[in-house]
Amino acid sequence: MTAAPTVVHAAEDNVVMTEEEMAARVARKLALQKSAASTKRSLPVGATDVRSDVNPEASVNLRSRSLVENAKVTLEKQGEMKKRDKVQKREDMCEMLGRGC
């Protein structure tokens, strides 16, 4: 008496698959997942692969000044914002948001 091969039903295709076919399919999927994971870890190769939200020149501007100079600039900006009255702040906010208030 010989044992009949076990049959697995694939839900997405409604096709009857043997154990060997299913094992080959699973092995292929795992290989694809491993290759996709290994490419995600690699560093960008070209200039176009750099993220668009990164401004590499921003750090140069900050590092070109000392900590004291950066603090002075920040305090001057804060002082200017405090001196503005309510109407100026509202107009600045409308301009920044692109509204015609």
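All heavy atoms count here, side chains included; hydrogens, waters and symmetry mates do not.
Put simply, the side chain of C94 does not reach to within 4.5 Å of the side chain of E91, judged on heavy atoms. Contact of the Q88 side chain with the D85 side chain is registered, since non-hydrogen atoms from C-beta on lie closer than 4.5 Å. M96 has its side chain out of reach of D92: every pair of non-hydrogen atoms, C-beta onward, lies at least 4.5 Å apart.
For the salt bridge (charged side-chain N to carboxylate O under 4.0 Å, His left out) test, residues two or more places apart in sequence or in another chain that qualify with E80 are R84. The side-chain contact (heavy atoms from CB on, under 4.5 Å) test applied to E95 returns no partner, not counting sequence neighbours.
Taken from NZ in K34 to CG in L32, the straight-line distance is 11.5 Å, to the nearest 0.5 Å. One finds the CE atom of M22 at 7.5 Å from the CD atom of E19 (value rounded to the nearest 0.5 Å). With rounding to the nearest 0.5 Å, the separation of CZ in R28 from CZ in R25 is 9.0 Å.
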